[in-house]
Amino acid sequence: MDADHPPFRLETDRLLLRPFAPSDHDAMLAIYSREDVVRYLYEGPHDEDEVRERLAVKVTQREIEGPGDILRLAVLLKANARVIGDLTLRWMPDEHRQAEIGFVVHPDFQGKGYTTEAARVLLRVAFDALGLHRVFGRTEARNEASARVMEKLGMRREAILLENEFVKDEWQSEIDYAILDREWKALPAKRRR
Ligand SMILES: CC(C)(COP(=O)(O)OP(=O)(O)OC[C@H]1O[C@@H](n2cnc3c(N)ncnc32)[C@H](O)[C@@H]1OP(=O)(O)O)[C@@H](O)C(=O)NCCC(=O)NCCS
């Protein structure tokens with residue numbers, strides 16, 4: 001089996017990425033119940049029932065084979081199998097071979113490069129396994145950690161959309177990042193593994 005094809009169970013130096021299971025409830029609650037985590041997400045903080053409902057959907061999003069599919073992966077520390085975050089790769093439902101990435105990591109584990117390490121796997125899946133043309137990410141303009149992750153991934157800042165959405169009782173601005181398949185392939189090998 002090609003390591004980059006479903007069923008997805010992928011490794012990096014420090015991390016294991018795998019589909020979600022119902023037993024990830026407590027780890028997801030520890031993340032999504034926190035105000036500081038959801039500050040720049042569309043929803044949340046989530047209570048136990050909301051986490052359970054969302055996890056029930058995530059558990060089913062374990063394969064990505066065509067437009068409209070969404071892959072969700074739990075991020076675990078290899079050292080102790082602790083679930084510290086989650087990743088999303090969303091193949092857009094059209095013919096343009098584009099996908100959107102998303103990522104969240106528990107604050108206790110932020111700032112250690114885990115998200116960059118894990119999200120690189122998503123780019124590898126998108127370009128090397130699925131043959132997509134462009135991967136993009138969107139972040140609220142004040143979310144500097146998210147922007148920085150995308151820069152470290154080799155993505156380009158393409159746009160800033162001023163006050164394009166009304167979220168959580170305020171106008172929010174969006175910064176868009178993207179990388180093309182040829183840009184991905186031009187990155188040094190160590191930034192692709
Ligand atoms: C965005 C997020 C996933 C990043 O996770 P992480 O594991 O800390 O990411 P990394 O460690 O790989 O990289 C973070 C980078 O942002 C930088 N950073 C963190 N906070 C920052 C801030 N307030 N201002 C500027 N840079 C910041 C870090 O220094 C690091 O860059 P460096 O390696 O050049 O020092 C994490 O902050 C998070 O879960 N946030 C809440 C959920 C969220 O907003 N998700 C993104 C939605 S678009």
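Just so it is clear, the model here is predicted, and its values are computed rather than measured. Order of appearance sets the numbers: ligands from 1, and atoms from 1 within every ligand. We count residues from 1, following the sequence as given. What you see below is based on every heavy atom in this structure, not just the backbone, and it leaves out hydrogens, waters and symmetry mates.
- When only non-hydrogen protein atoms are considered, atom 45 (N) of ligand 1 lies nearest to F103 O, 2.9 Å.
- Between R124 and E11 there is no salt bridge, since no side-chain nitrogen of the basic residue lies less than 4.0 Å from a carboxylate oxygen of the acidic one.
- Distance check for atom 48 (S) of ligand 1: a protein heavy atom is found below 4.0 Å.
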Practice task
Would you check, one step at a time, whether the test salt bridge (Lys or Arg N to Asp or Glu O under 4.0 Å) holds for E117 with K112?
Solution key: CA-CA 9 Å; E117 189 171 318; K112 301 175 192 304; over 6 Å; no
Practice task
Could you walk me through whether K58 and M28 pass the side chain to side chain contact (heavy atoms under 4.5 Å, CB included) test, one step at a time?
Solution key: CA-CA 11 Å; K58 284 185 189 188; M28 289 299 101; 4.2 Å; yes
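- Residue R138 has at least one heavy-atom neighbour below 4.0 Å for each of these atoms of ligand 1: 48 (S).
- Side-chain atoms of D86 and Y32 include a donor-acceptor pair closer than 3.5 Å.
- Counting the atoms of ligand 1 from 1 in the order shown, those under 4.0 Å from a heavy atom of K112 are 11 (O).
- Between D176 and R156 there is no salt bridge, since no side-chain N of the basic residue sits under 4.0 Å from a carboxylate O of the acidic one.
- By the 4.0 Å heavy-atom criterion, K152 is counted among the residues contacting ligand 1.
- Close approach to T116 involves these atoms of ligand 1, each under 4.0 Å from a residue heavy atom: 10 (P), 12 (O), 13 (O).
- Looking at ligand 1, you won't find any N or O of L41 less than 3.5 Å from one of its N or O atoms.
- Counting heavy atoms under 4.0 Å from ligand 1, residue V38 does not touch it at all.
- Counting protein heavy atoms under 4.0 angstrom from atom 28 (C) of ligand 1 gives zero.
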Exercise for the section: Begin with the C-alpha distance, continue with both residues' side-chain angles, and end with the deciding distance and a verdict on side chain to side chain contact (heavy atoms under 4.5 Å, CB included) for S146 and Y177. Expected result: CA-CA 10 Å; S146 178; Y177 281 83; over 6 Å; no
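- Considering backbone and side-chain atoms together, V104 places no N or O closer than 3.5 Å to any N or O of ligand 1.
- Taking every non-hydrogen atom of V37 and a distance limit under 4.0 Å, the qualifying atoms of ligand 1 come out as 41 (C), 42 (C).
- Ionic pairing of R134 and D181 is not present here: no N-O contact between side-chain nitrogen and carboxylate oxygen is shorter than 4.0 angstrom.
- A salt bridge is defined here as a Lys NZ or Arg NE, NH1 or NH2 lying under 4.0 Å from an Asp or Glu carboxylate O, and E35 with R39 fails to meet this definition.
- Residue R148 touches ligand 1 through its side chain alone, judged by heavy-atom distances below 4.0 Å.
- Within a 4.0 Å radius of atom 35 (O) of ligand 1, the protein contributes no non-hydrogen atoms.
- Under 4.0 angstrom from ligand 1, the non-hydrogen atoms of N143 all belong to its side chain.
- Under a hydrophobic clustering in which Ile, Leu, Val, Met, Phe, Trp and Tyr are joined whenever their side-chain heavy atoms come within less than 4.5 Å, directly or via other members, L41 and I70 fall into different clusters.
- Note: an N/O pair closer than 3.5 Å links G111 and ligand 1 by distance alone.
- Scanning T115, I101, L153 for the heavy atom closest to atom 4 (C) of ligand 1 points to T115.
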